[in-house]
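Scroll down for the structure; my scribbles are underneath it.
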Amino acid sequence: MSLESDEMKVRHSSSTIILNSETEYILCLPETLKQPKHFPELRVMHFSVPETEVVRTSEASYNVYKLYINGKYHGSMRYSQFLSLHEKLGQMGGFKGQRPSFPSKKLLPLSLGQLEERRVGLEKYIQTLGGNEDLVGSEVFRAYFRHIQHETNGEPLSTRTIHVFLSNGQERVHDIPSNASTSTLLRIVLDGLGIKSELHHFFALYFFKRSPNGIWKIVGRLEEYECPYISLCWLGEDVRIVVRKSRWEVTEEVFLEKDPVGLHLLYLQTVADIEAGWIQVEKEKLHALALLQTEGKKADYLRLAKTLKFYGALKFPDSVTHFASPMTVYIGNREMVFLSSAREELVFKLTRIKCWRVSQQHEKDGKIRSDLSFEYLAAKEKLEWLSVVSDEAVLMGLCLQDIVQEMLAKENSKPIRKISVTGSDGGTSSSNGESKSHLTNEGHARKSTDLLVGKQRATRRRGSATLENSVFAGTGIGDEDL
């Protein structure tokens, strides 16, 4: 089947969905739009509702609640939309066990105190849904939030042109519905490149932003709950979508390298990362790489590149740590590295990280402060909490989660699986990305939401949860690395 005919099918299906009423949208998703086998991998949805806003029209005024997912503004919802979601999920059997508490209706207009009480209640409710792995992993749930984003955008359904880039700057242009999902766009892009469908799960779409000095840096990964066209429009002109390899275990790249197109894409990405300074190259290997590149020996080029420092890692510049500021953080190869401007390194092995937490503070001026904290085995029976402040802290946490997930899958020689846990507050989390967000109010000046990632065991202290990592179960965390 040609790529063009595939696009026409997607447009038709999307139009059918978006033009239905909200109730039908929740209940009547066609089988053809269910989650694909390999994409996307189940990932966390951290919810927060930090503020409200009054919307005034010529006919009426009403309150909306600003919804953030994984630290990024996603859309504004009315109380009635939350209620509709709650009711329809109940009709569909979307709740297991006791249904989460939902803020009750009020007959009279809300006072400021009641409005804040409802905001907190709705936030706790949506965070509870975010801890339900069956809901978070379902296409119906994610499609609903694409609908919310599309409705907030206020633009009628239409076909839009979107530009997707390869790592070396080559541009691909595609027409998609304005409400198309991330997996739809990724499939169209990879089909257009000639990537076999069984290799699609090696790739993902990322947002890159150009800094004032002209350097492009990664700022996020496109997820299945968002519409790529709308998210890109909201992020501004200096942001582009880039297709990259998304798997962390370098040994798995052998499957890509057996395919000519997969080999070519991996080669282009590696060359681009070296040229951008993401991968450090020793002087004695620089000439050898240049010669291999000139001769077009892609497989040999990759073989040599895999011996280089930071191959396969993601780079997060302009980070602030306890040790120095600014620092560059690299995540990959089962470790996290802090690199100072003086080229001094601090290396943290992921097998010695007991647990981690991503926190976001919504400041009164509208800015968001994000930081990643982790408990690290610094010495035998000595655990220390360390932290890094970065605009990309949420993505860092998701990277850690994905790496540990792949490590578990590889060590168990099984496909990536879900490991569910229940915290003391009744929330649910899992090793593949469904984790609980917890809210701490710090007055009207600032609201703080902890976005938590971890494994196996949940504890709650002082109003926030810590979910502990299970990589070391039965062996003692990281003792073998000391």
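Hydrogens, waters and symmetry mates play no part in the numbers below; they use all other heavy atoms, side chains included. The first residue in the sequence is number 1, and the count goes up from there.
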When rounded to the nearest 0.5 angstrom, what distance separates CG in L372 from SG in C399? 10.0 Å
Angle between ring planes, F208 versus W278, binned at 30° and 60°: parallel, tilted or perpendicular? parallel
Of T270, V242, L265, the residue whose pairing with S167 passes side-chain contact (heavy atoms from CB on, under 4.5 Å): V242
Mark yes or no for whether D238, through its side chain, and K209, through its backbone, hold a donor-acceptor pair below 3.5 Å. no
Less than 6.0 Å separating the ring centroids of F47 and F145? yes
Quick one: does W234's side chain get under 4.5 Å of T152's, heavy atoms only? yes
Could you walk me through whether R142 and E139 pass salt bridge (charged side-chain N to carboxylate O under 4.0 Å, His left out), step by step? CA-CA 5 Å; R142 293 173 175 180; E139 169 59 15; over 6 Å; no
Using a 4.5 Å cut-off on heavy atoms from C-beta on, say whether the side chain of Q81 contacts that of V64. no
Hey, which of M396, M336, K217, M327 is the one that makes side-chain contact (heavy atoms from CB on, under 4.5 Å) with F316? M396
Closest approach of K315 and A276, non-hydrogen atoms and distance? NZ-O, 4.5 Å
Between F348 and F374, is the gap from one ring center to the other below 6.0 Å? yes
Think R247 forms a cation-pi with F202, using NZ or CZ under 6.0 Å from the six-ring centre and within 45 degrees of its axis? yes
Does any part of the side chain of L232, heavy atoms only, come nearer than 4.5 Å to the side chain of L222, both counted from C-beta? no
What's the spacing between H201 NE2 and S246 OG if we round to 0.5 Å? 8.5 Å
Could you grab the distance from atom OG of S48 to atom CD of Q127, nearest 0.5 Å is fine? 7.0 Å
When rounded to the nearest 0.5 Å, the distance separating OG of S84 from OH of Y144 is 5.5 Å
Whether the side chain of R334 engages the backbone of I403 through a donor-acceptor N/O pair (distance < 3.5 Å, no angle test) should be reported. no
Say whether, by atom type as modelled, one donor and one acceptor occur between the side chain of S231 and the main chain of P228 under 3.5 angstrom. no
Tell me, do E392 and I218 make a side-chain contact under 4.5 Å, heavy atoms counted? no
Report the distance from atom CG of L115 to atom OG1 of T52, rounding to the nearest 0.5 Å. 4.5 Å
Pairwise distance CD1(I162) to SG(C233) - rounded to 0.5 angstrom: 7.5 Å
For the pair R119 (side chain) and V49 (backbone), establish whether a donor and an acceptor sit closer than 3.5 Å, ignoring hydrogens and angles. yes
Is there side-chain contact between T182 and L205, with at least one heavy-atom pair below 4.5 Å? yes
Here the pair of heavy atoms bringing P100 nearest to L129 is CG-CD2, 4.2 Å
Heavy-atom side-chain contact between F141 and M45 under 4.5 Å: yes
Treating Y65 as the side-chain partner and E123 as the backbone partner, does any N or O pair qualify as donor plus acceptor under 3.5 Å? no
Report yes or no: does S178 contribute a side-chain atom to a donor-acceptor pair with the main-chain N or O of R160 at less than 3.5 Å? no
